[in-house]
Amino acid sequence: MKKLFYVLAVAMIVTACNQNTPETPEEQSKTAFVKATYFEALGTNTVPNVEGENKDQPFSMDSVRVEAVIMTDTTLDINLYGINFSSKMPVTIDMVIPGAKYSRTSERITLSGEGIIPTMGGNPFNRYVINALAGSITADSLVFTNSYGQYAGCTYAGKITKIEEKQ
């Protein structure tokens, strides 16, 4: 009887040790980030003054929603919703920066790109070729700088609001 009790006790200990412990919220966030192919952020888009166009001040627009969607192992699309570049621009636009390059680690996606022609409504927007695209995505933020045609040194800084693994 003692031997049976001993065998059962050892089996229970081994079974308990083999069970996976639940991930902490931080570990869950890291796991979600590593698998994610879709990132949504809400933040500020800023365009510096261009020869007085923005009244000698940078033009900033808050609450700009941006999505980054991984398309291939090396490229992603950046979708900007309801933006404009100047206080004189009468309407906002939705724009896609297609085929931006990226590299990935478990904690950061690094963005880059040069000579990217953005689109509006699926049509090329040749006037605002994207150059000097550089930035990053983490579990907390999406940040990038670039030039839109004549608008050099534009920035977007947003807080991540959604991370998903989409097919």
Side-chain angles (χ1 to χ4, degrees), residues 15-48 58-86 89 91-149 151-167:
T15 302
C17 290
N18 285 338
Q19 291 179 352
N20 292 333
T21 57
E23 290 182 330
T24 66
E26 184 177 292
E27 290 170 329
Q28 289 173 346
S29 176
K30 187 175 180 178
T31 299
F33 180 80
V34 168
K35 293 179 178 182
T37 58
Y38 173 88
F39 307 85
E40 187 175 305
L42 193 61
T44 302
N45 194 62
T46 302
V47 178
F59 175 73
S60 289
M61 188 172 196
D62 295 325
S63 300
V64 175
R65 186 170 69 93
V66 171
E67 297 171 338
V69 183
I70 292 180
M71 304 304 285
T72 71
D73 289 342
T74 59
T75 63
L76 57 78
D77 289 353
I78 301 170
N79 304 301
L80 298 103
Y81 296 98
I83 66 163
N84 58 27
F85 303 108
S86 167
M89 194 169 162
V91 296
T92 61
I93 60 171
D94 295 343
M95 185 172 75
V96 178
I97 301 172
K101 304 286 184 208
Y102 78 90
S103 61
R104 188 175 201 157
T105 67
S106 63
E107 296 177 358
R108 176 179 303 276
I109 294 173
T110 302
L111 308 173
S112 64
E114 196 71 37
I116 302 169
I117 297 175
T119 61
M120 283 185 11
N123 298 312
F125 203 36
N126 295 324
R127 182 175 174 194
Y128 294 103
V129 174
I130 306 294
N131 287 305
L133 176 67
S136 65
I137 303 171
T138 66
D140 299 320
S141 66
L142 189 160
V143 177
F144 62 91
T145 61
N146 67 309
S147 66
Y148 295 102
Y151 299 99
C154 300
T155 61
Y156 176 83
K159 180 174 175 38
I160 294 291
T161 57
K162 187 186 290 186
I163 295 177
E164 293 181 354
E165 181 180 3
K166 292 189 174 188
Q167 302 295 347

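By the 4.5 Å heavy-atom criterion applied to side chains, I83 and V66 are not counted as neighbours. Here the side chains of I70 and F39 are in contact, with some heavy-atom distance below 4.5 Å. In this structure the side chain of Y148 reaches within 4.5 angstrom of the side chain of M95, judged on heavy atoms.
Residues passing the salt bridge (Lys or Arg N to Asp or Glu O under 4.0 Å) test with E114: none are found, sequence neighbours excluded. In this structure T145 satisfies the side chain to side chain donor-acceptor pair (under 3.5 Å) test with no other residue, sequence neighbours excluded. Legend: residues meeting ring pair (Phe, Tyr, Trp, His ring centres under 6.0 Å) with Y102, ordered by chain and number and at least two apart, are absent. Remark: T46 engages S60 in a side chain to side chain donor-acceptor pair (under 3.5 Å) (not counting sequence neighbours). Not counting sequence neighbours, the partners of T72 by the side chain to side chain donor-acceptor pair (under 3.5 Å) test are T75. In terms of the side chain to side chain donor-acceptor pair (under 3.5 Å) criterion, residue partners of S141 (sequence neighbours excluded) are, by chain and number, T138. Under the side chain to side chain contact (heavy atoms under 4.5 Å, CB included) criterion, N126 pairs with I117, P124, sequence neighbours left out.
Sorted by first and then second residue, the salt bridge (Lys or Arg N to Asp or Glu O under 4.0 Å) pairs with a member in residues 97-111 read K30-E107; sequence neighbours excluded. Sorted by first then second residue, the ring pair (Phe, Tyr, Trp, His ring centres under 6.0 Å) pairs that include residues 106-127, not counting sequence neighbours, are F125-Y128. Judged as a salt bridge (Lys or Arg N to Asp or Glu O under 4.0 Å), the pairs with a partner in residues 59-78 (not counting sequence neighbours) are, in order, E40-R65, R65-E67. Within the structure, ring pair (Phe, Tyr, Trp, His ring centres under 6.0 Å) pairs that include any residue of residues 104-124 do not occur (at least two apart or interchain).
Side-chain atoms of S147 come within 3.5 Å of backbone atoms of N131 as a donor-acceptor pair (strictly under, hydrogens ignored).
Minimum interatomic distance between L142 and A68 (heavy atoms only, all atoms of both residues): CD1-CB, 3.9 Å.
Separating the CG atom in L80 from the OH atom in Y156 is a distance of 7.5 Å, to the nearest 0.5 Å.
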Between L42 and V64, does the side chain to side chain contact (heavy atoms under 4.5 Å, CB included) criterion hold? Intermediate values first, please. CA-CA 6 Å; L42 193 61; V64 175; 5.9 Å; no
